[in-house]
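Heads up: the structure comes next, in structure tokens.
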Amino acid sequence: MKNRVSIIISLIISFFVIFFSISCTRQAESTPTSAAPESESELLLGTSCRITIYSDHEEADFTAAFDRIREIEQLMSRSIADSEISLINERAGSGIYTKLSEDTLQVLKEALLIAEVSDGAFDPTIGPLVSAWGIGSDDARIPGAQEITDLLAYVDYREVEIDEASGSVLLPRAGMALDLGAIAKGYAADAVREVLLDRGIGTAIVNLGGNVLTVGTKPDGSRWKIGIQDPLSDRGEYLAIAAMTEHAVVTSGVYERYFIVDDVRYHHILDTSTGYPVESGLLGVSIITEDSFLADALSTAAFSLGIERGMELVDSYEGTEAVFVTTDKELLMSAGMTGGDITLTLQDDSYTFR
Ligand code: ADP
Ligand code: MG
């Protein structure tokens, strides 16, 4: 009898031991390993820049990150009168070279490279046309046909002269103008990642106006889930969610900056052969790759090139994937998107996979 009681007692005790150890493990698993993520936003590079830090951090980490974006804006923005890019543009045709910072030189060189591989569909000398259209500004308008033809004559990336020895640049003809709007945000996001890593921040999200870059691994070890912008809605509405490890996701499309006249949407990516907004059968192109710099350049380039040539360009970069959204609301994915380590979940069933 005594024996039976002690067996029952020990069974009850072991039940509780097992029960509590399981619930303790559960609890340990679900308790976050670091403090709650914190976000800060600032208006820079003509857009809303948001940084979310998951790791332990201090206010100075945000300050350093935003200072770095400000520094890049100060060098490359066309709306800042004494930026390096404004200076080059002002001196176009004067024969005077402008000495560039490492940052601007690197961005310009990458832009010229992408211009080459896209056969000029992407062209950083698009400046005069961007100004004439003014898309995204209060002065947006449809320039006259003759004006467009005249301005197209100033668009040619092959004329940009770089003096390697001194790291300086010149535009040979008055009227030419550089515009790094298609690539500077991508460069800035990578630069912020560098700042954060240098400061010991291992986990963060950098979102520069929809150019998203994830840094490190999420505290709970799960993959990052990043929305693919719905090109027909305002920013922040997603047609699909992509789950991935540390990557950049950058979208170019008809939604970011545009104006509508007589039911026609005039968006901000311009066709370097016609001078009008690109009509390539696409609403948007999202690029997913390791670096935001490349993703930003390729999203604009692929969008400009259109479905076939754009996808060919993406496929020529290893480790780079894409989702193209056609005007028929069909999604086309690069080969590595199916069965790879990036998975796409459709959010809006008015879109279909082709
Ligand atoms: P967003 O700035 O919305 O992220 P993009 O990266 O696609 O979008 O860049 C679009 C910007 O690039 C335009 O606002 C303009 O400054 C510039 N741009 C427009 N057309 C071209 C082009 N064909 N090649 C290079 N840059 C362009
Ligand atoms: Mg771009």
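In each ligand, atom 1 is the first atom listed, and ligand 1 is the first ligand listed.
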Before we go on, tell me: are the rings of Tyr266 and Tyr258 under 6.0 Å apart, centre to centre? no
Please confirm whether His268 and Tyr255 have ring centers closer than 6.0 angstrom. no
Write out the residue and atom name of the closest protein heavy atom to [atom], then the distance separating them to 0.1 Å.
atom	result
atom 16 (O) of ligand 1	Asp179 OD1, 2.9 Å
atom 4 (O) of ligand 1	Lys185 NZ, 3.2 Å
atom 24 (N) of ligand 1	Asp123 N, 3.0 Å
atom 18 (N) of ligand 1	Ile126 CG2, 3.9 Å
atom 5 (P) of ligand 1	Thr300 OG1, 3.3 Å
atom 23 (N) of ligand 1	Leu270 O, 2.8 Å

Proximity flag His268 to ligand 1, non-hydrogen atoms under 4.0 Å: yes
Gly253 to ligand 1, any heavy atom closer than 4.0 Å: no
Flag the pair [X] and [Y] as a salt bridge only when some basic side-chain nitrogen lies within less than 4.0 angstrom of an acidic carboxylate oxygen.
X	Y	answer
Arg309	Asp119	yes
Arg199	Asp61	yes
Glu279	Arg265	no
Glu84	Lys99	no
Asp291	Arg193	yes
Arg68	Glu71	yes

Looking at ligand 1, does any of its N/O atoms fall within less than 3.5 Å of an N/O of [X]?
X	value
Ala182	yes
Phe122	no
Arg257	no

Before moving on, can you tell me the angle at the Mg ion (ligand 2) between the OG1 atom of Thr300 and the OD1 atom of Asp296, to the nearest 10 degrees? 180°
Same cluster or not: are Ile142 and Val264 linked, directly or through other Ile, Leu, Val, Met, Phe, Trp or Tyr residues, by side-chain heavy atoms under 4.5 angstrom apart? yes
Consider only side-chain heavy atoms of I, L, V, M, F, W and Y, link residues closer than 4.5 Å, and tell whether Leu180 and Tyr157 are in one cluster. yes
Flag Gly186 as yes if one of its N/O/S atoms falls below 2.8 Å of the Mg ion (ligand 2), otherwise no. no
Output yes if Asn211 passes the N/O/S-under-2.8 Å test against the Mg ion (ligand 2); output no otherwise. no
Is it the case that the side chains of Glu321 and Ser334 hold a donor-acceptor pair, with the cut-off being a distance below 3.5 Å and no angle test? yes
Given that the side chain starts at C-beta and the backbone is N, CA, C, O, which of these parts of [X] lies under 4.0 Å from ligand 1, counting heavy atoms, or is it both or neither?
X	result
Ile269	both
Thr272	side chain
Ala121	backbone

Using the ring of each side chain (for Trp, its six-membered ring), is Trp133 parallel, tilted or perpendicular to Phe259, with breaks at 30° and 60°? tilted
Mark up the atoms of ligand 1 that fall under 4.0 Å of a heavy atom belonging to Ser252, in ascending order. 5 (P), 6 (O), 7 (O)
Just which atoms of ligand 1 are under 4.0 Å from any heavy atom in Glu256? 3 (O)
